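Just below is one structure, and these are the notes that go with it.
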Amino acid sequence: MSQYRAVRGMVDVLPDETPLWQMLEQTARDVIGAHGYSEIRTPLVERTDLFARSIGEVTDIVEKEMYSFADRNDEGLSLRPEGTASTVRAMVQHNLIQSAQRVWYMGPMFRYERPQKGRQRQFHQLGVEAFGVPTPDQDAELLLLCRQWWRRLGIDDVVTLELNTIGSAESRHAYKQALTAYLRQHVESLDEDSQRRLATNPLRILDSKSAATQNVVAGAPAMARFLDDESKAHHDQLCELLGQAGLSFVANPNLVRGLDYYNKTVFEWTTDRLGAQATVCGGGRYDGMVGQFGGKATPAAGFAAGLERLVMLLQSLEVDALDHPDLYVISADSNALSQAMLEADRIRTEFPGLRVVQHLGGASLKSQFKRADKSGASWAMVYGPDELAQGTVTVKPLRTNEEQTSLDRGALNDFLHRLERLASDIEE
RNA sequence: GUGGCUGUAGCUCACCAGGUAGAGCACCGGAUUGUGACUCCGGAGGUAGUGGGUUCAAGACCCAUCAGCCACCCCA
């Protein structure tokens with residue numbers, strides 16, 4: 001055991017997992033790009049008040065989960081706990097919200113929480129944000145985009161969409177008062193956390209997991225009754241669009257989300273395969289944030305997906321992404337080695353679609369073949385005195401029982417062409 | 001932040017009424033001279049998370065600490 005370990009809640013992604021990550025990221029890039037969104041990259045550090053004001057002063061994230069510190073100039077800074085605030089800040093700062101804009105980002109986020117499976121202190125989110133479109137077609141596009149991604153990943157059968165609307169800021173305010181009034185009559189039946197939140201963030205009591213609290217919540221006034229007409233119409237239209245697209249969802253009237261900036265549409269994609277960390281992706285509309293950050297009032301909507309959780313979901317389905325070599329190059333002696341290296345180099349130039357691994361460091365042919373097998377390569381390519389003398393190369397299939405063959409230059413190129421085409425088919 | 005469980009070779013785990021550790025897999029080498037996978041033989045690898053304590057003696061008991069896991073909480 002080495003003297004140093006990764007700090008608590010921060011995790012190394014090791015080489016046997018990165019192919020899966022790359023596959024996840026690549027499908028995301030493809031799907032998001034296909035919808036016309038462009039990538040934006042913002043700093044990992046922002047002023048603390050940027051997060052406090054947008055996410056909400058009394059949210060758990062801001063109150064107790066941020067990595068905050070003063071820099072040498074005594075400025076209050078924080079590692080970003082999520083990506084939307086930074087994205088909006090950047091869009092406003094650079095005056096990019098002239099017309100409709102579609103952006104996405106991907107990267108590490110930081111939250112000081114007690115680590116658990118599916119919950120780390122440094123974790124990774126991929127977020128998609130759309131600015132300038134107030135109508136529900138925007139919300140629908142985001143959800144359809146998600147569904148495309150899930151399909152590409154093969155997880156569309158194991159995630160469910162939960163959907164709700166929390167109305168306008170005003171209607172939510174009215175509802176909050178009614179809810180608080182009701183809950184106050186039942187304080188003694190609420191769990192401890194919920195009692196505390198009665199004063200700070202009563203809406204969050206709605207999705208408490210405490211059975212006692214849920215009994216109380218069951219009799220609470222419904223948010224729907226307080227919704228303003230516009231929010232109601234927005235929600236109805238969204239539901240209709242989703243229906244037309246054949247995207248089914250579960251209406252969850254208690255879905256409220258833990259960040260304060262949302263209004264109207266909120267949603268979560270959840271799965272039952274990840275234990276308590278069931279949410280794989282979450283988002284909604286945040287029409288007020290651009291204005292709040294000093295931009296011209298501009299509607300917006302977006303979501304963020306947790307990459308660790310998606311990776312775990314893929315692993316639970318035994319999806320594996322492989323990056324095995326196509327060719328493993330073996331040489332019998334040092335003469336053959338120099339020839340082999342030149343050939344490998346030529347092949348990589350002329351057949352860029354092939355993964356060619358050169359055996360280095362010498363060893364008996366026997367152990368070179370063992371290595372070739374372990375590498376997962378589909379073919380071994382052998383250079384030795386015989387091959388050098390005849391101007392040929394021996395190729396031996398490692399995944400089938402066919403015989404090895406000796407190829408001259410022309411036959412080798414034909415062989416490599418076929419192999420390259422096969423390799424690109426598999427990647428498709 | 002709260003409660004609980006766990007921590008022994010790279011991995012998965014075992015042993016032991018407390019007497020200084022073992023298996024499978026993985027790894028390395030060999031089974032005649034240029035060839036992997038299966039089989040056989042051999043080898044290397046652990047100050048038992050870390051630090052204290054109890055004891056003649058501790059990986060086994062106690063305490064602390066660190067880390068992981070589960071639930072709460074939180075959310076991605």
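So you know, we letter chains A, B, ... as the sequences are listed, proteins then strands, and number each from 1. The structure displayed is predicted, hence computed values, not measured ones.
Rounded to an integer number of Å, the gap from CD of A:E63 to C1' of B:G1 is 12 Å. Remark: P of B:G36 and CG of A:N401 are 13 Å apart, rounded to the nearest angstrom. A:L314 places its CG atom 19 Å from the P atom of B:A76, with the value rounded to the nearest Å. One atom, CG of A:L126, and another, P of B:A76, lie 14 Å apart when rounded to the nearest Å. In this structure, CZ of A:F369 is placed 7 Å from C1' of B:G36, rounded to the nearest angstrom. As a whole-Å value, the separation of A:Q195 CD from B:U2 C1' is 16 Å. Rounded to whole Å, the distance from CZ on A:F123 to P on B:A76 is 8 Å.
When the P atom is compared between B:C72 and B:G29, the two are found 50 Å apart, to the nearest whole Å. Look at the C1' atom in both B:G7 and B:G49: the space between them is 6 Å, to the nearest Å. Annotation: B:A17 and B:A60 have their C1' atoms spaced 11 Å apart (nearest Å).
Under the 4.5 Å side-chain criterion, counting only non-hydrogen atoms from C-beta, A:C281 is not in contact with A:R309. Counting heavy atoms from C-beta on, the side chains of A:I55 and A:Y261 come closer than 4.5 Å. Between A:R172 and A:N263 the shortest side-chain heavy-atom distance falls below 4.5 Å. Side-chain contact between A:Q292 and A:R53: present, with at least one pair of heavy atoms (C-beta onward) separated by less than 4.5 Å. Residues A:W104 and A:I40 have side chains not in contact (no heavy-atom distance under 4.5 Å, counting atoms from C-beta outward). You'll find the side chain of A:R80 reaches within 4.5 Å of the side chain of A:F51, heavy atoms only. In this structure, the side chains of A:V58 and A:E63 come closer than 4.5 Å at one or more pairs of heavy atoms.
Between A:E387 and A:V382 the shortest heavy-atom distance is CG-O, 3.5 Å. The two residues A:A340 and A:Y383 have their closest heavy-atom pair at CB-CD1, 3.5 Å.
A:D373 and A:K370 are not joined by a salt bridge, as no carboxylate oxygen comes within less than 4.0 angstrom of a charged side-chain nitrogen. Checked for salt-bridge contact, A:E350 and A:R346 meet the test: a charged N lies under 4.0 Å from a carboxylate O. Under the 4.0 Å criterion applied to side-chain N and carboxylate O atoms, A:R257 and A:E268 are assigned as salt-bridge partners. Salt bridge status for A:R418 with A:D414: absent, with no side-chain N to carboxylate O gap under 4.0 Å. Ion pairing between a basic and an acidic side chain is recognised when a charged N comes within 4.0 Å of a carboxylate O; A:R102 and A:E141 show such pairing.
Note on residues 147-160 of chain A: pairs passing salt bridge (charged side-chain N to carboxylate O under 4.0 Å, His left out), not counting sequence neighbours, are A:D30-A:R152. Within the structure, the side-chain hydrogen bond (donor to acceptor under 3.5 Å, both in side chains) test picks out the following pairs touching residues 210-220 of chain A (sequence neighbours left out): A:D191-A:T213, A:S210-A:T213.
Residues from residues 32-47 of chain A placing a heavy atom under 4.0 Å of any atom in RNA chain B do not occur. At a non-hydrogen distance threshold of 4.0 Å, A:R257, A:G258, A:L259 from residues 252-264 of chain A come into contact with RNA chain B. Sorted by residue number, the list of members of residues 138-156 of chain A with any non-hydrogen atom under 4.0 Å from RNA chain B is empty. Taking a 4.0 Å limit (strictly below) on heavy-atom distances, residues 303-310 of chain A reaches RNA chain B at A:A304, A:G306, A:R309.
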Completion exercise
In B/S/- notation (B base, S sugar-phosphate only, - none; protein heavy atoms under 4.0 Å), nucleotides 67-73 of chain B written 5' to 3' is SSSSBBB
Problem - Dot-bracket summary - RNA chain B, pairs being Watson-Crick or G-U whose distances fall under 3.5 Å, with | when paired to another strand - result: (((((((..((((........)))).(((((.......))))).....(((((.......))))))))))))....
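With hydrogens and angles left out, the side chain of A:E387 and the base of B:G34 share a donor-acceptor pair within 3.5 Å. At a cut-off of 3.5 angstrom, counting only N and O atoms as typed in the model, there is no donor on one side facing an acceptor on the other between the side-chain of A:Q368 and the base of B:U35.
In the model, A:S78 has no side-chain atom that pairs as donor or acceptor with a side-chain atom of A:E46 under 3.5 Å.
To the nearest 0.5 Å, atoms OH (A:Y112) and CZ (A:R121) are separated by 4.0 Å.
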Strictly under 3.5 Å: I want the nitrogen or oxygen pairs between protein and nucleotides 45-48 of chain B, one per line.
none

Short N/O separations, protein against nucleotides 27-31 of chain B, under 3.5 angstrom:
| from | atom 1 | to | atom 2 | distance (Å) |
| --- | --- | --- | --- | --- |
| B:C27 | OP1 | A:K374 | NZ | 3.1 |
| B:C28 | OP1 | A:R371 | NE | 3.4 |
| B:C28 | OP1 | A:R371 | NH2 | 3.1 |

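For an aromatic pair to be called close, the ring centres must be under 6.0 Å apart, and A:F303 with A:W269 fails this.
Remark: A:E170 engages A:S168 in a side-chain hydrogen bond (donor to acceptor under 3.5 Å, both in side chains) (not counting sequence neighbours). Among residues two or more places apart in sequence or in another chain, the side-chain hydrogen bond (donor to acceptor under 3.5 Å, both in side chains) test is passed with A:R348 by none.
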Practice task
Go through the steps to decide whether A:L242 and A:L163 satisfy the test side-chain contact (heavy atoms from CB on, under 4.5 Å), and finish with yes or no.
Solution key: CA-CA 11 Å; A:L242 295 180; A:L163 186 65; 3.8 Å; yes
